[in-house]
Amino acid sequence: MTNVLLPLVSTENPTQVRQVVNFDVPQLILHGAIDKERYNDNDLPKASQGTSSVQSPDTQQPTIEFDGLSWRSRGTLQRKESTEKEKEEQLVKLSDAVKTILECVGENPDREGLHNTPERFAKAMLFFTKGYDENLHTILNNAIFNEDHEEMIIVRDIDFFSLCEHHLVPFFGKMHIGYIPSRQVIGLSKIARIVDTFSRRLQVQERLTKQVSLALSELLQPQGVGVVVEASHLCMVMRGVEKTGTITTTSCMLGVLQSTAQTRKEFLNFVNRK
């Protein structure tokens with residue numbers, strides 16, 4: 001069984017809405033690859049209460065690992081722990097790859113306008129993907145506070161930019177996040193920084209939505225978390241079907257926002273309020 005994506009609005013509406021409703025993952029996923037030697041049905045971690053009701057590729061690893069990294073990629077530690085010399089070597093390697101791309105599309109990488117483009121692009125790509133080696137504990141910086149508050153908190157219209165992992169072109173939009181604390185609240189700016197951590201990677205929107213939800217749930221242990229993401233994908237604007245103005249919406253509800261219809265409705269009403 002794979003992800004089931006249900007349309008939540010009329011097909012006559014140009015807005016495309018999808019929600020992940022089911023997963024079935026029969027293999028152990030480790031750093032983006034299947035660890036066949038360690039695979040065992042009994043080893044699959046069970047979703048904890050209030051975190052997720054389903055198993056998915058994003059819940060096969062700890063939400064936040066002991067070193068503060070989250071869902072690290074295969075080369076994350078190598079990149080994070082690189083010496084200055086190794087970083088320079090990686091920049092040269094990436095720049096050479098970009099130069100090859102320019103040659104393959106019929107350009108002259110040595111002409112004036114493109115002479116420094118490979119290095120500029122290489123530095124930009126490292127910035128676009130800096131979320132891989134960001135430490136959530138460092139970002140949080142102890143900004144969780146005890147507070148006698150158990151009502152819904154919502155931060156709307158958080159801008160984000162990410163790269164589609166299928167075509168390496170941008171998708172971007174707004175993220176709306178709400179949670180019901182268990183007498184612990186997080187500094188509001190930290191919510192936006194957590195969004196940046198997970199969006200500054202090669203992503204798909206469905207995974208990004210779930211990762212932000214699970215991270216907040218792990219950090220705060222709240223009564224519930226809700227995340228709604230609205231984004232425009234240039235991979236279907238600049239190429240392919242070439243449909244401008246199309247918006248894709250995904251959501252992830254955890255805890256009481258998942259189990260209680262009235263609470264979920266309250267959150268969505270706040271999100272949709274203009």
Can you measure from CG (L168) to CG (L202) and round to the nearest 0.5 angstrom? 6.0 Å
Give a yes or no on this: more than 12 heavy atoms of other residues, nucleotides or ligands lie within 6.0 Å of atom NE2 of H115. no
Whether Q258 side chain and G255 backbone form a donor-acceptor pair below 3.5 Å: no
Under the salt bridge (charged side-chain N to carboxylate O under 4.0 Å, His left out) test against D133, which residue among K87, R79, K80 passes? R79
Is the shortest distance from a Lys or Arg side-chain nitrogen in R183 or E147 to a carboxylate oxygen in the other one below 4.0 Å? no
Hey, is the main chain of E218 close enough, under 3.5 Å, to the side chain of Q221 for a donor-acceptor pair? yes
Heavy-atom side-chain proximity of I154 to F267 below 4.5 angstrom: yes
Residue list, side-chain hydrogen bond (donor to acceptor under 3.5 Å, both in side chains) with E89, at least two apart or on another chain: none
For S199 versus S162, what's the shortest heavy-atom pair and its separation? O-OG, 2.6 Å
Could you walk me through whether E103 and K99 pass salt bridge (charged side-chain N to carboxylate O under 4.0 Å, His left out), step by step? CA-CA 6 Å; E103 292 172 343; K99 184 176 182 180; 5.0 Å; no
Is there a path of hydrophobic side-chain contacts, each under 4.5 Å between heavy atoms of I, L, V, M, F, W or Y residues, that connects I158 with F128? no
If we only count heavy atoms from C-beta on, is the R273 to R156 side-chain gap below 4.5 Å? yes
Side-chain heavy-atom pair V185, N146 within 4.5 angstrom cut-off: no
Basic-acidic side-chain contact under 4.0 Å: K174, D157: no
How long is the straight-line distance from NZ of K123 back to CG of N116, given to the nearest 0.5 Å? 9.0 Å
So does K130 pair up with E134, basic N to acidic O under 4.0 Å? yes
At what distance, to the nearest 0.5 angstrom, does CD1 of I191 lie from CG of L216? 6.0 Å
Separation between NE2 (H176) and CG (L268), nearest 0.5 Å, reads 10.5 Å
Does K210 use its side chain to pair, donor to acceptor, with the backbone of C252 at less than 3.5 Å? no
Which residue is it: Q205, M175, R207? I am looking for the one with a side chain to side chain contact (heavy atoms under 4.5 Å, CB included) to T250. Q205
Quick one: sort the H233 and F171 rings into parallel, tilted or perpendicular, breaks at 30° and 60°. parallel
Distance-minimising heavy-atom pair for L102 and P118: CD1-CG, 4.1 Å
OG1/T197 to CG/N135 distance, rounded to the nearest 0.5 angstrom? 9.0 Å
Examine distances only and state if a side-chain atom of Y132 and a backbone atom of L77 form a donor-acceptor pair shorter than 3.5 Å. no
Mind running side chain to side chain donor-acceptor pair (under 3.5 Å) on T117 and R120 for me, showing each step along the way? CA-CA 5 Å; T117 295; R120 283 194 295 263; 3.1 Å; yes
If only atom types and distance count, is the side chain of T260 paired as donor or acceptor with the main-chain N or O of T263 below 3.5 Å? no
Would L208 and F161 show up in the same hydrophobic cluster when neighbours are defined by side-chain heavy atoms closer than 4.5 Å? no
Find the distance between CG (L140) and CZ (R193) and round it off to the nearest 0.5 Å. 11.0 Å
Would you call R201-E165 a salt bridge at under 4.0 Å N-O? no
With the 4.5 Å side-chain cut-off for hydrophobic clustering, are L136 and F160 part of the same group? yes
Looking at T129 and M125, would you say the former's side chain and the latter's main chain have a donor-acceptor pair under 3.5 Å? yes
If we ignore hydrogens and angles and just use 3.5 Å, is the side chain of E150 paired with the main-chain N or O of S182 as donor and acceptor? no
Ignoring hydrogens and geometry, is there a side-chain-to-backbone donor-acceptor pair from R239 to C235 under 3.5 Å? yes
Write down the atom of P222, the atom of P181, and the distance for their closest heavy-atom approach. CB-CA, 4.2 Å
Is any side-chain heavy atom of I186 closer than 4.5 Å to a side-chain heavy atom of Y179? yes
Decide yes or no for E107 and L114: does some side-chain heavy atom of the first lie under 4.5 Å from some side-chain heavy atom of the second? yes
With distance as the sole criterion, is a donor-acceptor pair present between the side chains of Q211 and Q203 under 3.5 Å? yes
Between E242 (side chain only) and M236 (backbone N and O only), is there a donor and an acceptor less than 3.5 Å apart? no
Can you list everything that forms a ring-ring contact (aromatic ring centres under 6.0 Å, His included) with F198? Sequence neighbours excluded, please. W71
Do E88 and Q90 come close enough that some side-chain heavy atom pair is under 4.5 Å? no
Group every Ile, Leu, Val, Met, Phe, Trp and Tyr by side-chain heavy-atom contacts under 4.5 Å, then state whether V204 and V228 land in the same group. no
I would like to know whether T246 and S232 meet side-chain contact (heavy atoms from CB on, under 4.5 Å); could you show each step before the answer? CA-CA 6 Å; T246 302; S232 175; over 6 Å; no
Test your reading of the model: is there a side-chain donor-acceptor pair from N141 to the backbone of A143, 3.5 Å cut-off? no
In sequence, state the C-alpha distance, the side-chain angles, and the governing distance for L257 and V225, and then conclude on side-chain contact (heavy atoms from CB on, under 4.5 Å). CA-CA 6 Å; L257 272 82; V225 175; over 6 Å; no
Can you get from L234 to V241 by hopping between Ile, Leu, Val, Met, Phe, Trp and Tyr side chains that sit under 4.5 Å apart? no
